[in-house]
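This report concerns only the one structure given below.
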Protein chains: 2
Amino acid sequence: MSQHSGSAPAQAEERSGPKTERGRRTLRRLLDAAGEEFGARGYHETAISNITQRAGVGLGTFYVYFKSKEEVFRALVADMGARTRHALSESVKDAPNRLEAERLGIRAYLEFVRTHKSLYRVVMEAQFVAPEAYRDYYRVFSEAYRQQLRQAAARGEVSSGDDDVRVWALMGASTFLGLKFGVWEDGADVGAVSEAAADLMINGLAPRLKE
Amino acid sequence: MSQHSGSAPAQAEERSGPKTERGRRTLRRLLDAAGEEFGARGYHETAISNITQRAGVGLGTFYVYFKSKEEVFRALVADMGARTRHALSESVKDAPNRLEAERLGIRAYLEFVRTHKSLYRVVMEAQFVAPEAYRDYYRVFSEAYRQQLRQAAARGEVSSGDDDVRVWALMGASTFLGLKFGVWEDGADVGAVSEAAADLMINGLAPRLKE
DNA sequence: GCGGAACCTGAATGTTGACTCATGTTTCAA
DNA sequence: TTGAAACATGAGTCAACATTCAGGTTCCGC
């Protein structure tokens with residue numbers, strides 16, 4: 001919601017960011033280190049000292065940039081949301097119609113998850129660590145998605161239905177596929193998985209009519 | 001996986017359960033209390049003393065029945081798995097075909113989530129607290145589900161496709177719908193939601209042919 | 001080459017909470 | 001009735017951090 005759903009950095013609730021180049025560099029290193037540590041060990045298993053060590057700064061430095069452990073975490077979730085939205089809208093922007101956009105979207109999503117495993121885990125864990133941030137993440141997504149579906153239905157590109165329900169079902173499908181084939185089985189063929197998934201989303205389970 | 005995927009109680013890795021009636025009663029109270037506390041506050045916010053207080057027993061008693069905090073948690077996940085499977089197979093057992101079974105299943109699932117919110121949260125948090133238990137939960141589900149789809153495809157009741165992908169997409173859809181309409185918006189009309197969801201799963205997004 | 005703003009530091013503090021254990025109490029078979 | 005197995009207890013132990021703070025260091029305009 002609110003202010004900075006803009007683009008990339010998202011150092012969030014920081015009192016008006018670093019003033020110098022040195023400061024910006026340190027902030028970036030802390031954010032990166034936090035993403036990797038939280039992603040690898042999880043929120044509760046990660047100590048601030050793990051983050052500062054990985055970032056190569058002193059323990060106290062962390063609190064120059066963040067008010068608390070939870071604050072970095074929230075900043076990371078917001079950052080991940082912005083990045084995911086960006087990757088998806090890029091991948092879909094040339095789609096000739098909505099069904100094709102679904103195809104492209106699911107594929108891009110799987111690839112994105114695979115190349116951002118750590119941050120993906122952070123987002124999922126946010127459900128328990130920062131529920132507000134988690135709900136925002138999906139709320140923003142679902143609102144954009146729902147609007148796409150509504151417009152596509154008006155154009156006759158998709159059937160009409162309860163878009164709120166559809167959007168959540170589709171987000172859930174993508175999320176689980178991301179977990180299973182993007183994180184757990186990262187050797188799986190992304191192309192094949194996304195084709196199969198898109199086919200299900202577009203045509204459903206019903207047997208094909210013989211024409 | 002392993003041993004006790006049997007039926008209901010699942011006091012799990014306990015050294016050969018309680019011997020007396022008194023003991024069984026205490027164990028049950030501890031499990032129930034743990035489910036409620038973990039469900040309400042989450043794993044890390046819940047102290048063993050919260051559980052024992054709710055159960056009305058002394059702190060030390062907890063360790064008569066469980067080796068650790070994590071062990072109760074795992075027992076609860078396993079218990080929830082067994083109960084969910086039971087509820088679903090019951091709801092679906094009279095379905096005339098697979099598409100109808102999908103309809104009934106999604107509805108039963110939403111209702112089950114709504115009446116077991118606490119344990120539902122426990123299962124989701126298991127992804128971070130007891131990853132092994134979480135994967136088992138979905139692995140068992142997906143294997144049964146996949147077999148159902150395969151058999152239904154052989155009967156011509158559903159189209160054929162990559163069942164591994166389909167199953168995970170469908171489980172993801174149900175899970176998200178459970179979260180959104182079962183936990184977050186527990187006032188929503190379950191009947192309407194499950195109809196819309198089943199329609200999407202069965203027919204997909206593609207526009208209906210005019211016949 | 002000074003003064004202060006921005007930045008950096010890590011030892012010390014304080015809290016929290018899982019788990020232990022020495023000591024009871026209850027149950028019940030013999 | 002008795003002894004021991006099963007069960008119950010909660011004060012005390014102990015390690016693990018998150019966060020603070022008092023005192024540096026670096027940078028830069030003047």
Side-chain angles (χ1 to χ4, degrees), chain A residues 9 11-34 37-38 40-76 122 125 128-130, chain B residues 9 11-38 40-76 122 125 128-130:
Chain A
Q11 84 279 53
E13 21 243 281
E14 190 53 23
R15 284 281 150 259
S16 68
K19 294 287 183 290
T20 71
E21 184 49 35
R22 176 157 74 130
R24 276 186 290 279
R25 207 165 43 233
T26 303
L27 174 59
R28 172 60 29 214
R29 308 186 75 188
L30 280 169
L31 277 171
D32 290 347
E37 289 292 323
F38 284 146
R41 319 152 98 74
Y43 181 81
H44 295 281
E45 302 307 308
T46 298
I48 303 298
S49 62
N50 295 147
I51 296 172
T52 53
Q53 262 161 31
R54 183 186 283 254
V57 302
L59 173 54
T61 304
F62 179 89
Y63 292 92
V64 172
Y65 293 91
F66 301 100
K67 276 207 289 293
S68 69
K69 185 180 180 181
E70 237 187 85
E71 191 183 284
V72 225
F73 193 84
R74 271 186 260 115
L76 288 171
V122 166
E125 194 168 14
F128 306 99
V129 173
Chain B
Q11 86 278 51
E13 21 245 281
E14 189 53 21
R15 284 283 148 257
S16 69
K19 295 286 185 291
T20 72
E21 185 49 34
R22 178 160 72 131
R24 277 186 289 277
R25 207 164 43 234
T26 304
L27 174 59
R28 173 55 38 211
R29 309 185 73 183
L30 280 170
L31 276 172
D32 289 347
E36 282 160 37
E37 290 291 323
F38 283 146
R41 320 152 99 72
Y43 181 80
H44 295 280
E45 302 307 306
T46 298
I48 303 296
S49 63
N50 295 146
I51 296 173
T52 54
Q53 264 161 31
R54 183 185 284 253
V57 303
L59 172 55
T61 304
F62 178 88
Y63 292 92
V64 172
Y65 293 90
F66 301 98
K67 275 205 291 293
S68 68
K69 185 179 181 184
E70 238 187 83
E71 190 183 285
V72 224
F73 193 84
R74 270 185 260 117
L76 287 171
V122 166
E125 195 168 13
F128 306 99
V129 173

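Per chain, numbering begins at 1; letters A, B, ... match sequence-line order. Because the structure is a prediction, the values reported are computed rather than measured.
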Parallel, tilted or perpendicular: ring planes of A/H44 versus B/H44, cut at 30 and 60 degrees:
parallel

Residue B/E45 excluded, over 12 heavy atoms near CD under 6.0 Å:
no

Between A/T61 and B/T20, which residue's closest nucleotide on DNA chain C lies nearer the 5′ terminus?
A/T61

Could I get a table of every N or O pair under 3.5 Å where one atom is in the protein and the other is in nucleotides 14-20 of chain D?
from: D/dA18; atom 1: OP1; to: A/T46; atom 2: O; distance (Å): 3.4
from: D/dA18; atom 1: OP1; to: A/K69; atom 2: NZ; distance (Å): 2.6
from: D/dA18; atom 1: OP2; to: A/I48; atom 2: N; distance (Å): 2.7
from: D/dT19; atom 1: OP2; to: A/Y63; atom 2: OH; distance (Å): 3.2
from: D/dT19; atom 1: OP2; to: A/K69; atom 2: N; distance (Å): 3.0

B/K19 NZ to C/dT26 C1', straight-line distance once rounded to whole Å:
17 Å

Option among A/V122, A/V72, A/T46 that satisfies the side chain to side chain contact (heavy atoms under 4.5 Å, CB included) test with A/E37:
A/T46

Between P on C/dA18 and CD on B/E71, what's the gap in Å once rounded to a whole number?
15 Å

Nearest-angstrom distance from the residue atom CD1 of B/I51 to P of C/dC19:
11 Å

Can you tell me how far P of C/dC8 sits from CZ of A/R29, to the nearest Å?
10 Å

Please check if the side chain of B/N50 supplies one atom and the backbone of B/A47 the other of a donor-acceptor pair under 3.5 Å.
yes

Any ion pair linking B/R24 and B/E21 (charged N to carboxylate O, less than 4.0 Å)?
yes

Filtered N/O pairs between nucleotides 27-30 of chain D and protein, under 3.5 Å:
none

Between atom CZ in A/R25 and atom P in D/dT26, what is the gap in whole Å?
14 Å

Nearest-Å distance, CG (B/L30) to C1' (D/dC7)?
12 Å

Okay, side chain of B/E125, backbone of B/Y43: is any donor-acceptor separation there less than 3.5 Å?
yes

Quick one: closest heavy-atom pair of B/L30 and B/F62, and the distance?
CD1-CA, 4.2 Å

Shortest non-hydrogen pair, B/L31 vs B/A75, comes out as CD2-CB, 4.3 Å

